[in-house]
Amino acid sequence: MQFENTATKVANNNIIEGLNPEQKAAVQTINGPLLIVAGAGSGKTRVITNRIANLIANGVAPWNILALTFTNKAAGEMKKRIANLIGESQAEKVWAGTFHSIFAKLLRYDAEILGYDRNFTIYDADDSLSLVKKVLEELNLSGASMSPQSVRSRISSNKNKLITWQNIAENQRMQYDKAFAEVYKRYNEKLKINNAMDFDDLLWNFILLLQKSKDVLNKYQEKFRYILVDEYQDTNKAQYIATNLLARHYQNICVVGDDAQSIYGWRGADIQNILDFKEDYPHAKVFKLEQNYRSTKTILEAADSVIKNNSNQLKKNLRTDNQQGELIDVVECDSDIEEAEYIISTIKNHINSGKSAKDFCVLYRTNAQSLEFEKACRKRNLPYIIIGGMSFYKRKEVKDTLSYLRVLVNPKDAEALLRIINEPTRGIGQTSLQHLINFANSNSIDLLSAFRRANENSNLQKRAVVAATNFANFIDLFRNRLEEEEYSDVAGEYIAETGMINFLTMMGTDEAKDRIRNIEQVINDIANFEMDNPDSTLEDYVQQISLISDIDDKEFGTERLPLMTLHSAKGLEFKEVFIAGLERGLFPLFRADQDPKEEEEERRLFYVGITRAEQKLSLTYSKKRMKFGSVSFQAPSSFLREIDKSLLNMLLPSGEKAQSSSPTFARGAGSTFAAKQHYFSDIPQQEYYSQIEQPQYRFRVGDLVRHKQFGVGKVTGMSGDGANTKITVNFSNIGKKLLLLQYAKLELVKQAK
DNA sequence: TAAAAAATCGTTTTT
DNA sequence: CGATTTTTTA
């Protein structure tokens with residue numbers, strides 16, 4: 001005990017040392033509700049970690065502290081820094097993790113209360129999409145009016161708001177709602193049958209658990225006496241309710257966030273949660289961290305001049321003692337190729353003169369934009385890393401491997417089973433599979449059991465019976481072994497026996513070799529996980545893996561140039577940042593010009609991007625850009641106009657100064673012409689500049705159009721002329737509609753070929 | 001049943 | 001354009 005006291009005192013000095021007064025005050029507040037409004041680059045992470053260390057130094061047990069983040073990376077970073085302050089042994093006892101991973105862990109203890117098995121699997125967006133497709137097929141709604149994508153995202157956004165299918169069925173406004181409620185209901189039933197939860201269920205089911213069992217609620221309220229939520233501006237309703245339930249008794253809840261950096265509204269995040277915190281907890285203390293330690297004055301001024309165009313925010317006044325710094329380059333490029341060439345060659349030059357690749361970063365709005373940057377990097381032999389996008393875990397062979405493991409862990413997981421049953425082919429084709437599914441349904445057994453009892457199924461061919469029985473035996477064999485042996489060994493042999501690797505070896509191509517290595521990497525990963533977590537099971541491994549994203553991977557420190565979306569960049573910082581594609585319709589993305597709320601979110605995203613930069617910021621846009629294999633013409637982003645001109649340095653890719661009266665910038669920014677598609681990239685530029693009055697486009701059958709209310713649809717017919725022109729559009733959401741062209745205000749999305 | 005060819009489709013952002 | 005799904009054919 002004596003010993004520990006000394007240690008605590010030493011730690012205590014570390015904990016407050018070098019903090020500014022606001023930071024210190026926040027760190028030293030122990031009890032009661034606390035809101036920390038942390039501007040970009042204000043040392044937020046430091047305050048959070050030091051505060052947790054301070055709680056522990058003041059006698060709070062680390063296992064009574066719950067710290068919730070949005071990414072595993074943030075959680076890992078937090079743990080690492082707490083460990084530096086108070087030592088590994090204490091730090092690892094803190095409950096720090098993402099909402100999803102912590103709740104998943106807690107759900108496993110009491111899954112039975114909700115009617116789930118403890119070994120439930122977690123469905124990612126792909127899994128849940130394919131489940132939606134199956135439901136649509138089953139209910140005979142496929143092809144008709146509902147696209148699986150839109151149904152899935154609607155289900156998700158309802159779940160984020162805790163809206164049940166019954167709620168929708170009761171309040172249905174249209175026939176469409178009725179059908180949707182039906183799909184939603186069936187989707188949930190199927191999840192339950194598969195003993196699976198989607199991402200949103202992890203939040204909602206945890207709430208249900210707390211509501212259903214008073215014991216469980218008490219248990220966790222007692223356990224998590226001190227709760228801390230990072231990025232509070234991005235919490236959705238489910239996360240809000242869950243944290244409030246947990247904190248209700250002790251009210252030791254500390255939330256940290258920056259309303260100016262709320263960028264997940266589309267995923268159900270409710271910025272109101274942070275704006276209303278003081279109303280939820282009237283006694284809450286509030287601290288504002290307004291001292292920025294990251295960026296130059298120029299960058300901060302630019303960020304401020306952008307964000308002040310938003311209404312509805314907590315007042316903040318970011319300041320810095322850093323230098324004024326360089327002007328912000330704004331570079332007008334001819335094409336997306338030139339844009340990538342400019343950015344990558346600029347970075348390459350800096351690297352050649354001694355700078356490090358990891359000090360730079362290229363940000364873009366959509367993942368699709370990464371392609372040209374990759375090409376440019378490869379051309380110059382510049383190592384790069386794409387964060388997000390096609391992640392390791394989304395690759396086919398990796399998903400297949402994980403699906404095999406899922407079947408092993410949770411034999412009810414029909415999604416996983418269907419995914420791998422013919423990977424490699426096993427002589428169980430569509431017809432046989434359908435017979436097996438029917439057998440499972442009519443006997444109310446899970447799919448694997450139907451495989452096991454294939455010999456009772458008179459519809460099956462002999463060959464299929466043998467194949468199905470073999471497969472079931474194969475799974476059962478390894479399930480038995482799992483009970484006795486170390487799971488990493490079993491998993492390794494199991495995957496080897498699936499035949500995937502043999503199949504790929506036979507192909508022999510370079511790509512196949514890559515895939516084999518990826519599969520092996522999963523096996524290694526399992527072994528490492530087992531070593532790191534000696535008491536864990538294969539269930540644990542499979543469950544945590546589905547909640548991991550690319551940004552969590554540790555490859556950052558290496559000498560590679562990071563490329564990522566603006567969303568992925570949240571929480572990161574780089575000496576020099578390039579933001580590409582500042583074009584109307586791309587950033588801010590098109591639907592934002594109708595809806596002010598969306599536009600404000602895009603602006604916050606821009607704010608996030610700008611404030612990632614420490615020393616230097618460059619913004620680029622391109623006049624032409626490839627979209628869907630055809631060229632589209634772009635106007636500069638309206639956001640460029642919002643930055644104070646005195647902070648900008650207008651350039652051409654050659655490095656020459658663009659005249660301040662650069663035609664594109666001067667006109668494009670204020671004009672109303674939308675990005676329009678052409679099929680010849682050599683249309684003279686003059687035409688582009690004179691296109692301020694956009695000619696009336698004549699729609700044709702086959703065109704893809706957008707309607708303000710009805711969404712996107714395909715033109716299937718035209719009739720009449722002049723003011724009487726009528727147009728038939730088949731909307732993906734609601735089906736066919738006959739509209740009067742002059743009132744419909746249709747917007748061209750894509751021309752027919 | 002499985003591989004190859006053809007057609008279709010789409011672009012936010014992610015735990 | 002490139003990925004994915006549907007259709008055709010062996």
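Labels below follow one simple rule: chain letters A, B, ... track the order of the sequence lines, proteins then strands, and each chain is numbered from 1.
Between the CD atom of A:Glu598 and the P atom of B:dT13 there is a distance of 14 Å, given to the nearest Å. Rounded to an integer number of Å, the gap from A:Trp204 CH2 to B:dT15 P is 22 Å. Atom-to-atom, CD of A:Gln239 to C1' of B:dT15 comes out at 8 Å; the value is rounded to the nearest Å. When the P atom of C:dA3 is taken as reference, atom CG of A:Asp126 falls 15 Å away, rounded to whole Å. For the pair A:Lys237 NZ and B:dT15 P, the computed distance is 24 Å after rounding to whole Å. Between A:Arg419 atom CZ and C:dT4 atom P there is a gap of 10 Å when expressed in whole angstrom units. In this structure, A:Leu68 places its CG atom 13 Å from C1' of B:dT15, rounding to the nearest Å. Atom pair A:Lys133:NZ and C:dT6:C1' shows a separation of 12 Å (rounding to whole Å applied).
Looking at heavy-atom distances under 4.0 Å, A:Tyr264 makes contact with sugar-phosphate atoms alone, never a base. Among the atoms of the strands shown, only primed sugar atoms or phosphate atoms (P, OP1, OP2) are found under 4.0 Å from some heavy atom of A:Ser432. If you check every strand for non-hydrogen atoms under 4.0 Å, A:Phe70 touches sugar and phosphate atoms only.
Distance from the side chain of A:Asn422 is smallest to B:dA2 among B:dT1, B:dT14, B:dA2. Comparing B:dT13, B:dT15, B:dA3 by their nearest atom to the side chain of A:Thr71 picks out B:dT15.
With no hydrogens or angles considered, a side-chain donor-acceptor pair links A:Arg152 and A:Ser128 at under 3.5 Å. Counted by atom type alone, A:Asn273 and A:Thr235 present one or more donor-acceptor pairs between their side chains at under 3.5 Å. Between A:Asn236 and A:Lys159, the side chains place no donor N or O within less than 3.5 Å of an acceptor N or O (distance only, hydrogens not considered).
Comparing A:His567 and A:Phe503 by the nucleotide of DNA chain B that holds the closest heavy atom to each, the one mapping nearer the 5' end is A:Phe503. Where A:Glu601 and A:Thr431 each meet DNA chain B at their nearest nucleotide, the meeting point lying more 5' is that of A:Thr431.
The side chain of A:Ser630 places no N or O atom within less than 4.0 Å of a non-bridging phosphate oxygen (OP1 or OP2) of C:dC1. For the OP1/OP2 pair of B:dT15 and a distance below 4.0 Å, the side-chain nitrogens and oxygens of A:Asn160 include no atom meeting the criterion.
A donor-acceptor contact shorter than 3.5 Å links the side chain of A:Asn309 to the backbone of A:Val306. Between the side chain of A:Asp259 and the backbone N or O of A:Ile271, no donor-acceptor pair lies under 3.5 Å. Judged by distance alone, with hydrogens and angles left aside, the side-chain atoms of A:Gln261 form no donor-acceptor pair with the main-chain N or O of A:Lys570 at under 3.5 Å.
The neighbour count for A:Arg463 CZ, taken as heavy atoms of other residues, nucleotides or ligands under 6.0 Å away, does not exceed 12.
Every stem involving DNA chain B, taken as at least 3 paired positions in a row under the Watson-Crick or G-U wobble test at 3.5 Å, is listed here: B:1-10 with C:1-10.
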